[in-house]
J.: 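If you scroll down you'll find the structure; I have some questions about it.
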Number of protein chains: 2
Amino acid sequence: MTITMITNMATKSIHDEAASMLRQHEHRYTPGRQRLVDVMDSAHRPLTLPQILESDSELTQSSAYRNLDVLEQSGVIRRINATADHAAFELAEPLLGHHHHLICVDCGAIEDIHIGEPTERAIDAALGAAAKGLGFKPLHHSLDLHGQCANCQ
Amino acid sequence: MTITMITNMATKSIHDEAASMLRQHEHRYTPGRQRLVDVMDSAHRPLTLPQILESDSELTQSSAYRNLDVLEQSGVIRRINATADHAAFELAEPLLGHHHHLICVDCGAIEDIHIGEPTERAIDAALGAAAKGLGFKPLHHSLDLHGQCANCQ
DNA sequence: CTCAGTGCAAAGGATTTGCATGCCG
DNA sequence: CGGCATGCAAATCCTTTGCACTGAG
């Protein structure tokens with residue numbers, strides 16, 4: 001019950017949040033951009049451009065690429081370079097929450113996963129210590145598990 | 001003196017190891033491939049193809065790409081998709097050891113880092129647990145810290 | 001002699017850009 | 001109205017491939 005309410009609120013506020021973030025960067029929240037956010041919000045995993053276009057036939061390739069750029073620059077989505085051929089896109093952490101990926105080395109499929117908070121803190125502490133010595137300013141970490149998905153074994 | 005000896009020995013065995021791995025895959029350890037291994041062994045960070053070509057003017061683009069493929073398939077090197085434009089290459093874990101990366105979001109520079117063994121074990125345990133429930137067979141994890149390098153701040 | 005490896009140039013494929021048009025503010 | 005946004009097609013850029021040649025076994 002509580003979870004359902006939160007989910008609904010979150011879905012609604014994703015568009016509000018996206019619109020607000022775009023506005024701050026002096027961009028409009030056009031229908032094409034809303035559709036992109038819808039597609040990425042519906043999928044519970046990062047999507048490649050072909051997957052995005054398949055999910056909504058109203059989207060065109062070049063505008064999708066352009067709008068993904070705008071959304072990325074505005075902090076609404078994140079681009080991840082999981083595979084060699086296609087980039088993949090997912091909602092940014094403020095909208096989707098912190099998580100990690102299982103990446104199939106054979107078919108390239110990606111699955112979202114979560115790990116415990118204590119482990120997250122241990123990771124950030126360890127990375128932060130290493131970064132400090134090199135004058136590197138941490139923004140966020142990415143942790144992926146590469147292996148074979150159930151289908152490819 | 002001692003360090004020099006160790007370095008020489010290590011460098012030597014990297015070539016031996018690489019030659020052995022290639023032989024197992026029925027490939028030759030040609031001069032061009034040795035040069036690639038030398039370049040990657042000298043750099044203490046992953047290199048993109050342009051960086052590799054700059055490091056050794058004897059290397060040509062297409063042969064470098066082809067040989068990097070052969071070396072990757074033989075397990076000598078690893079391809080990482082850290083940035084959107086260029087793939088990067090580094091010696092594989094059996095030759096270089098397990099480590100992680102600092103990736104500058106502005107200039108794309110990559111730096112190798114190490115974190116403590118207990119944290120590594122915690123990561124593998126957490127990822128393994130998540131993978132198990134989905135029938136995903138773990139091979140290896142990748143952990144990167146994205147942020148700004150000292151030059152780009 | 002044979003066949004993997006090489007180098008050049010051309011092809012391939014994902015992503016970006018030019019340009020004319022549409023549409024919101 | 002003015003300028004961002006869109007869609008098509010052409011261009012770009014990284015990477016791969018075709019082909020003829022070289023050299024090791």
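The structure presented is a predicted model; accordingly, all values stated were derived computationally and were not measured. Order of the sequence lines fixes the chain letters, A, B, ..., with proteins taken first and strands second; residue numbering starts at 1 for each chain.
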J.: To the nearest 0.5 angstrom, please state how far the CZ atom of R45(B) sits from the CD1 atom of I110(B).
T.: 9.5 Å
J.: OP1, OP2 of dA5(D) versus side-chain N and O of S63(A): anything below 4.0 Å?
T.: no
J.: Considering every strand and a 4.0 Å limit on heavy-atom distances, what is the contact class for A87(B): base, sugar-phosphate, or nothing?
T.: sugar-phosphate
J.: Nearest to the side chain of S62(A), which nucleotide is it out of dT6(D), dC8(D), dA14(C)?
T.: dC8(D)
J.: Atom CZ of R23(A) to atom P of dA5(D): distance rounded to whole Å?
T.: 13 Å
J.: Write down the distance between CG (L36(B)) and C1' (dG7(C)), rounded to a whole number of angstrom.
T.: 14 Å
J.: Which nucleotide in the list dA5(D), dT16(C), dT15(D) gets nearest to the side chain of L49(B)?
T.: dT15(D)
J.: Please report the interatomic distance CD1(I123(A)) to NE2(H141(A)), rounded to the nearest 0.5 Å.
T.: 5.0 Å
J.: Do Q153(A) and D106(A) come within less than 4.5 Å of each other through their side chains, counting heavy atoms only?
T.: no
J.: Counting any heavy atom closer than 4.0 Å, what does R66(A) reach on the DNA or RNA strands: base, sugar-phosphate only, or nothing?
T.: base
J.: Given atom CD of E72(B) and atom P of dT16(D), what is their separation to the nearest angstrom?
T.: 9 Å
J.: CD1 of I80(B) versus P of dC14(D): gap in Å, rounded?
T.: 18 Å
J.: Once you measure the plane-to-plane angle for Y29(A) and H15(A), does it fall in the parallel (<30°), tilted (30-60°) or perpendicular (>60°) bin?
T.: tilted
J.: Give the nucleotide from the list dC24(C), dG7(D), dC19(D) with an atom nearest to the side chain of R28(A).
T.: dC24(C)
J.: Nearest heavy-atom pair of I113(A) and H101(A): which atoms, and what distance?
T.: CG1-N, 4.1 Å
J.: Assuming nearest nucleotide by heavy-atom distance, tell me which of E58(A) and Y65(B) is located more 5' along DNA chain D.
T.: E58(A)
J.: Write down the distance between CD (Q51(B)) and C1' (dC14(D)), rounded to a whole number of angstrom.
T.: 15 Å
J.: To the nearest Å, give me how far apart CG (N81(A)) and P (dT15(D)) are.
T.: 11 Å
J.: What's the closest nucleotide to the T30(B) side chain, out of dC8(D), dT6(C), dT16(C)?
T.: dT6(C)
J.: What integer distance in Å separates L47(A):CG from dA14(C):P?
T.: 17 Å
J.: Which is more 5' along DNA chain C, the nucleotide nearest Q61(B) or the one nearest P31(B)? Just name the residue.
T.: P31(B)
J.: What nucleotide among dT6(C), dT15(C), dT16(D) has an atom nearest to a side-chain atom of R33(B)?
T.: dT6(C)
J.: Respond yes when some side-chain nitrogen or oxygen of N67(A) is under 4.0 Å from OP1 or OP2 of dT6(D), and no when none is.
T.: yes
J.: Please determine, by modelled atom types, if Q73(A) and H27(A) share a side-chain donor-acceptor pair under 3.5 angstrom.
T.: no
J.: NA contact type, E26(B), heavy-atom cut-off 4.0 Å: base, sugar-phosphate, or nothing?
T.: nothing
J.: Whole angstrom is fine here: how far is it from CG in L68(B) over to C1' in dG5(C)?
T.: 14 Å
J.: Counting only side-chain nitrogens and oxygens, does H86(B) get under 4.0 Å of the OP1 or OP2 atom of dT15(D)?
T.: yes
